[in-house]
Peer 1: 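The structure's right below; bear with me while I get my questions together.
Indexing begins at 1, ligand by ligand and atom by atom, following the structure's order.
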Amino acid sequence: MSDRITLLNHLPITDSKQIIYWMSHDQRVWDNHALLAAAQLAVESENKLRVVFCLNEKFPGANLRSFDFMLRGLEQVAQGLSELGIRFELLRGEPSVEVVRYLKANDCAALFSDFDPLRVKRQWKEEVNREIRIAHYEVDAHNIVPCRVASQKQEYGAYTFRPKINRLLPFYLHDLPELLVQEELLKRVGEGGAAKVFSTKALLDEMQLDRTVSALSLPSGEAAAREAMRNFVSGKLTGYDELRNLPELDHQSDLSPYLHFGQLSAQRLALEVEQADVPVNDRAAFLEQLIVRRELSDNFCYYNTSYDQWEGAPAWAKETLLHHAADEREYLYELSQFENVETHDPLWNAAQVQLLRSGKIHGYMRMYWAKKILEWTPSPQEALQIAIYLNDKYAIDGRDPNGYVGCQWAICGVHDRPWTTRPVFGKIRFMNDKGCKRKFDVGKYIGMWRR
Ligand SMILES: Cc1cc2nc3c(=O)[nH]c(=O)nc-3n(C[C@H](O)[C@H](O)[C@H](O)COP(=O)(O)OP(=O)(O)OC[C@H]3O[C@@H](n4cnc5c(N)ncnc54)[C@H](O)[C@@H]3O)c2cc1C
């Protein structure tokens, strides 16, 4: 078996009728190594394949905005699988109960799931594993170089991770079967029959959700993700290197929501970018973010169990931040003041408005936004909590390893190095509005995101 696949429980494949793929992180039909691995086993063992998704209303930090986006995408997954003859079931409740119940009721030979380094998903899998007696395979369909293969330890930074990734990339970047081959395989393992369609609106209406965070009009699902990818590769990829850090131009890909929900395969995106007829520096700058930085985030969260807590920060950063914890702050705000856009700084407020309204802050402004939270709160511990809370609650790409690492990088020096000492920040890299004014048209950005 490929080294994307890890057997989580040392149990055998049994002599039953169904192979189940418990979809969670990778919410797509195409270019999904977990679905393909499950289908491959179904073919080899002459079984049928079914796909389940377990909808858990209590998912930490999730709300109307994130559930609406996710369910609109899952509706397309259900439809796409049905066109291939594969049954899709939307279960509801705790996976430790519902997935287990489903496996027991459906005469299952083996379980496949997709890799996710975050705590809640790992706990779900441990709970399910305690209850089942069939093989449970986990497939890394998210990273181009599987997380466990890329490195066996927490990396210090991009400078230690990059050489490892670059050495392995030639072996993994190209291991995605052609779409026609995928289709042929998937068509062999379905049972046929009509799709069990669900309506996002009806489901949302009956779910117990935090409805204070509004849904977005952003198109969701695999088709929208592929279209956004094609538009980016034929458009803003050219000039990405030079223009991506100018927040008033918005010259990034804006693909992070699709990558976060697994509606788009990072591997497919990397292949498209690799083949694009664009200047080499644009291609290289984008692949650095998509592969090295993104997969480094998974490395951090997989190997550091305190990835979203102060305890997860490097020793040098904790030492310098604590040394400066009592430094006088020019401004101090509480969570509600940050959340309600009530700081003195129009630039910070614009970033917060962008987050509330569009579900995302421009990548460059995300750094400024988090660093100012450090500067204007009584302690670095509180700053980290506030940044993660707001990012997880309002960002459509939040609750993601990139978000935890982004906040840890900005506030607690993760993957960074010590810089010149400053009040409050200690040796943590500093940013201020004067620097922003030198770099980009701050007035224009503020004008775009007024309250
Ligand atoms: C405080 C803070 C919070 C952040 N929160 C999130 C978050 O919740 N979710 C999220 O996906 N990213 C987060 N990031 C990382 C980065 O800012 C976003 O990935 C990026 O802005 C997403 O927009 P894009 O898809 O247009 O990026 P592009 O510039 O087009 O990049 C393409 C892809 O590369 C990856 N990428 C880009 N920059 C980074 C980075 N610095 N670290 C890791 N991967 C990167 C992402 O998958 C991104 O979608 C955060 C960064 C900071 C400093």
Peer 1: For R294, counting its heavy atoms only, list the atoms of ligand 1 lying under 4.0 Å from any of them.
Peer 2: 43 (C), 44 (N), 47 (O)
Peer 1: Counting each atom of ligand 1 from 1 as listed, which ones have a heavy atom of G363 under 4.0 Å away?
Peer 2: 17 (O), 21 (O)
Peer 1: Does E274 come within less than 4.0 Å of R283, counting only side-chain N to carboxylate O?
Peer 2: no
Peer 1: Measuring centre to centre across the rings, with the benzene-like ring taken for any Trp, is Y331 within less than 6.0 Å of H344?
Peer 2: yes
Peer 1: Out of P401, A395, G406, who gets a non-hydrogen atom closest to atom 51 (C) of ligand 1?
Peer 2: G406
Peer 1: List every atom of ligand 1 that sits less than 4.0 Å from any heavy atom of L290, numbering the atoms from 1 in the order shown and giving each element.
Peer 2: 34 (O)
Peer 1: Which residue owns the protein heavy atom closest to atom 8 (O) of ligand 1, what's the atom, and how far is it?
Peer 2: N391 ND2, 2.8 Å
Peer 1: Does even one non-hydrogen atom of K360 get within less than 4.0 Å of ligand 1?
Peer 2: yes
Peer 1: Minimum distance, heavy atoms only, to atom 17 (O) of ligand 1: which one of E295, Q289, R366, E288 is it?
Peer 2: R366
Peer 1: Tell me the protein heavy atom at minimum distance from atom 29 (O) of ligand 1, and give that distance in Å.
Peer 2: Y240 OH, 2.5 Å
Peer 1: Return yes if a side-chain donor-acceptor contact under 3.5 Å exists between Y258 and R226, otherwise no.
Peer 2: no
Peer 1: Looking at ligand 1, does any of its N/O atoms fall within less than 3.5 Å of an N/O of S253?
Peer 2: yes
Peer 1: Pull out every atom of ligand 1 sitting under 4.0 Å from any heavy atom of S297, numbered as shown with elements.
Peer 2: 43 (C)
Peer 1: Looking at atom 46 (C) of ligand 1, what's its closest protein heavy atom, distance included?
Peer 2: N402 ND2, 3.7 Å
Peer 1: Distance under 6.0 Å and angle within 45° of the ring axis: does R119 meet both against Y307?
Peer 2: yes
Peer 1: Please confirm whether R417 makes a cation-pi placement over W419, using NZ or CZ under 6.0 Å from the six-membered ring centre and within 45° of the ring normal.
Peer 2: yes
Peer 1: Would you kindly check if the NZ (Lys) or CZ (Arg) of K371 is within the cone defined by 45 degrees around the ring axis of W376 and under 6.0 Å from the six-membered ring centre?
Peer 2: no
Peer 1: Could you list which atoms of ligand 1 come closer than 4.0 Å to a heavy atom of A370?
Peer 2: 1 (C)
Peer 1: Are a donor atom and an acceptor atom from the side chains of Y404 and D392 found within less than 3.5 Å of each other?
Peer 2: yes
Peer 1: I'd like to know whether the aromatic ring centres of F232 and F286 sit less than 6.0 Å apart in this structure.
Peer 2: yes
Peer 1: Name the closest protein heavy atom to atom 27 (O) of ligand 1, giving the residue it belongs to and the distance to 0.1 Å.
Peer 2: Q252 OE1, 3.8 Å
Peer 1: Using heavy-atom distances only, which candidate in Y364, Y394, Y368, F286 approaches atom 32 (C) of ligand 1 most closely?
Peer 2: F286
Peer 1: F261 pairs by ring pair (Phe, Tyr, Trp, His ring centres under 6.0 Å) with which of F53, F69, F67?
Peer 2: F69
Peer 1: Kindly compute the distance separating CG (D345) from CG (D433), expressed to the nearest 0.5 Å.
Peer 2: 5.5 Å
Peer 1: Nearest to atom 22 (C) of ligand 1, what protein heavy atom do you find, and at what distance?
Peer 2: S256 OG, 3.4 Å
Peer 1: I need the nearest protein heavy-atom contact for atom 42 (N) of ligand 1: residue, atom name and distance, please.
Peer 2: R293 CB, 3.7 Å
Peer 1: Starting from atom 26 (O) of ligand 1, what is the nearest protein heavy atom, named by residue and atom, and what distance separates them?
Peer 2: D254 N, 2.6 Å
Peer 1: Would you sort out whether Y303 and N299 count as a side-chain contact (heavy atoms from CB on, under 4.5 Å), showing the intermediate values?
Peer 2: CA-CA 6 Å; Y303 290 111; N299 168 277; 3.6 Å; yes
Peer 1: Among all the protein's non-hydrogen atoms, which is closest to atom 9 (N) of ligand 1, and how far away is it?
Peer 2: D397 O, 2.9 Å
Peer 1: So is G398 in contact with ligand 1, going by heavy-atom distances below 4.0 Å?
Peer 2: yes
Peer 1: Does either side chain, that of R294 or that of H142, offer a donor lying less than 3.5 Å from an acceptor on the other one?
Peer 2: yes
Peer 1: Which of the atoms in ligand 1, numbered in the order shown and given with their element, are less than 4.0 Å from a heavy-atom of L259?
Peer 2: 47 (O), 49 (O)
